Amino acid sequence: MRPAIQFEALAEDALLLRFGEHIDSDLNAQVQAATARLRRLPELECVPAYASVLLHFEPSAWRGSAGGDPHQRLQAAARAALMESHLTTVAPREVSMPVCYGGEYGPDLVEVAAYCGLDPHQVITRHAAAEYHVAMLGFAPGFPYLLGLDPTLAMPRRHDPRQRVPAGSVAIGGSQTGIYPEALPGGWQLIGRTPQRLFNASLEPPSLLAAGDRVRFRPIGPEEFRQLEEEYAR
Amino acid sequence: MSVRVLKPGLLSSLQDRGRPSHAAIGVGRAGAMDGPAWQLANALVGNHGEEAAIECTLLGPSLHFEQAAVIALTGAPIAARVGERSLPAWTACYLPAGSVLQLGGMALGCRSYLAIRGGFAVSPVLGSRSSDLHARLGHADGRALGAGDLLPVGPSDPLHTLPASRGVSVLPWGLDPQPWFDFGQQPIALLHGSHWGQLDEASQQRVLGGSFIVSKDSNRTASRLDTPRLRLREPLELISEAALPGTMQLPPSGQPIVLMAEAPVTGGYPRIGQVAAVDLARLAQRRAGDTVCFRPSTLEQALARLAEREQRLARLRRYIAQRLEHPE
């Protein structure tokens with residue numbers, strides 16, 4: 001069944017397609033599939049979020065030779081692109097990320113375990129057992145919002161956000177998990193850190209992850225962390 | 001050839017059109033806050049149009065020109081002098097090698113642009129030379145210009161309407177800033193946002209009938225507006241969606257914020273309005289303490305005004321290019 005999609009003109013150069021109003025893996029999967037189709041349209045930037053896609057465009061490019069309404073023309077093109085049913089679906093990319101949990105790398109692990117009524121090892125096991133969906137990127141370049149956290153690990157954000165969260169920190173914020181690509185201020189609970197670099201503007205693509213990717217975490221020890229850190233720095 | 005920053009001013013950064021196509025990986029647009037002023041500064045020095053210029057905020061920098069250069073100033077009216085000679089804005093000026101340009105304060109407005117013939121040619125990051133101060137992308141990892149910075153300038157031919165001379169020289173003509181700078185601080189056109197209908201009636205009247213004061217917390221990310229608290233009919237729980245420049249959000253404080261050039265790419269606050277794209281440059285020129293009034297606009301009206309401005313800008317740029325190449 002094809003869900004009803006709401007179209008909303010946000011600005012002269014922006015049209016939002018809304019698929020729903022809540023955070024949900026299935027809904028987000030529809031968003032990613034739609035984004036893949038919409039990206040075939042020319043002169044358009046597609047920005048997927050949890051349950052919506054923003055289409056950013058140059059109004060003059062979508063006005064047409066007759067000087068029509070660019071929003072109407074784009075809306076018609078978007079509907080047509082979403083109706084195409086013969087497109088093959090592409091299997092999502094799977095990314096495995098090494099994470100050193102606890103200790104100096106995850107200063108909030110003990111607190112998260114206490115809050116969830118688990119011991120730290122159970123937190124690590126459950127966090128690393130899940131397969132996560134990258135729902136969207138935002139907050140900072142390359143910051144992924146990951147769906148799929150074991151509900152028993154959900155924990156609210158900290159009351160006192162940190163001024164500086166180290167780059168690579170793997171964190172829990174509510175029912176989601178995320179990874180800080182750079183040293184940033186942040187309020188999520190830090191349970192581990194990856195030595196992998198998530199964002200590098202001089203690489204193509206600059207972001208390790210894209211919306212729609214699948215992520216798994218592989219627990220590593222501090223020694224392997226340091227080895228990999230050196231390797232990635234090269 | 002390069003330009004050395006002697007004093008950085010209050011907040012100066014290199015800006016061009018920005019990075020409009022990387023929001024999906026969390027990279028915002030950045031770019032010049034007053035787009036037309038940036039474009040016209042480039043046009044006045046005979047640049048092709050997309051070169052990076054210096055965006056100055058309230059107090060401009062002092063710069064040393066190692067070699068002769070042609071520059072232009074646009075945007076907010078700013079004090080500018082080389083030695084004893086004061087320089088006019090909205091025209092091209094020839095500065096001989098060794099000149100020290102001292103930019104001062106702005107009589108009104110908030111942002112001035114200094115373009116140089118050849119453009120500031122720092123290495124582009126993701127297709128743009130803009131500094132994103134928030135995401136730390138661009139020249140010197142996206143920080144504002146600092147004393148001692150050496151800014152490379154791209155190659156260019158001499159401008160024969162402004163030939164080399166011993167001293168400073170200025171074109172005999174310039175642009176009327178009137179259509180491009182909002183001296184009268186006119187009301188700003190506002191479209192309804194997704195959650196406009198959820199504002200209570202008194203708040204709706206205040207947005208479109210009252211006035212706001214630009215807060216001192218305003219920056220390239222957002223203009224924060226002080227007002228008696230705006231209220232929703234009932235609280236809204238929203239999930240994050242893509243955010244964009246011009247969006248008027250209402251955080252729980254009840255003080256609206258309008259996202260600007262360095263808008264985050266996602267946001268979850270109620271969106272009560274959208275500043276018409278054609279008026280964003282005007283809002284960018286309001287400084288802390290200035291008054292802002294809004295007037296309602298439909299999307300069609302906003303699109304028509306935007307198209308008209310783009311045509312006017314294109315015509316003016318063609319005219320400038322011709323007049324720079326073919327004197328009288």
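Side-chain atoms are counted along with the backbone in the values below, which use heavy atoms only and exclude waters and symmetry mates. In what follows, chains carry the letters A, B, and so on, assigned in the order in which the sequence lines appear, proteins first and then strands, with residues in each chain numbered from 1. In this text the structure is predicted, and so the values were computed from the model without any measurement.
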Can you tell me how far apart [atom1] ([X]) and [atom2] ([Y]) are? Round to the nearest 0.5 Å.
X	Y	atom1	atom2	value
B:Gln274	A:Asp13	CD	CG	7.5 Å
B:Ser194	A:Arg18	OG	CZ	5.5 Å
A:His22	B:Glu237	NE2	CD	14.5 Å
A:Asn28	B:Ile239	CG	CD1	9.0 Å
A:Glu21	B:Glu241	CD	CD	7.5 Å

Region of [X] in contact with chain A, defined by heavy-atom distances below 4.5 Å:
X	result
B:Ile25	both
B:Arg29	side chain
B:His22	backbone
B:Leu306	side chain

What closest approach, in Å, do [X] and [Y] show between heavy atoms, and which atom pair accounts for it?
X	Y	result
A:Val47	B:Ala23	CG2-CB, 3.6 Å
B:Ala24	A:Glu45	N-OE2, 4.3 Å
A:Leu137	B:Gly26	CB-N, 4.1 Å
B:Ala242	A:Ala49	N-CB, 4.1 Å
A:Glu12	B:Val278	OE2-N, 4.1 Å
B:Leu244	A:Ala11	CD1-CB, 3.8 Å

Q. Taking atom CZ of A:Phe57 as the centre, does the number of heavy atoms from other residues, nucleotides or ligands within less than 6.0 Å exceed 12?
A.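 Check passes, neighbour count above 12.
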
Q.
Looking at B:Asp141, I want to see if its CG is surrounded by more than 12 non-hydrogen atoms of other residues, nucleotides or ligands under 6.0 Å.
A.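 It does not: B:Asp141 CG has 12 such atoms or fewer within range.
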
Q | Set of residues satisfying salt bridge (charged side-chain N to carboxylate O under 4.0 Å, His left out) with respect to B:Arg233, sequence neighbours excluded | A |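 By the salt bridge (charged side-chain N to carboxylate O under 4.0 Å, His left out) rule, B:Arg233 matches no residue at all.
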
Could you check which of [options] has the highest count of heavy-atom pairs closer than 4.5 Å to chain A?
options	value
B:Pro264, B:Ala135, B:Ala302	B:Ala302
B:Leu137, B:Leu126, B:Val125	B:Leu126
B:Arg136, B:His134, B:Glu300	B:Arg136

Q. Given that the side chain runs from C-beta out, which part of A:Ala201 has a heavy atom under 4.5 Å from chain B: side chain, backbone, both or neither?
A.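 Interface part for A:Ala201: both.
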
Q) Is it the side chain or the backbone of A:Leu16 that comes within 4.5 Å of chain B heavy atoms, both, or neither? A)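 Side chain of A:Leu16 only, per the 4.5 Å heavy-atom cut-off to chain B.
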
Q: Would you indicate whether the side-chain heavy atoms of A:Ser60 and B:Glu310 approach each other to under 4.5 Å?
A: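 The answer is no, as the side chains (C-beta and beyond) never meet within the 4.5 Å cut-off.
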
**Q.** A:Met136 and B:Val265, any side-chain heavy atoms less than 4.5 Å apart
**A.**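 SC-SC contact between B:Val265 and A:Met136 ruled out.
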
Q: Identify the residues of residues 138-166 of chain A whose heavy atoms come closer than 4.5 Å to a heavy atom of chain B, ordered by number, or report 'none'.
A: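 Hits under 4.5 Å: A:Gly138, A:Phe139, A:Ala140, A:Pro141, A:Gly142.
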
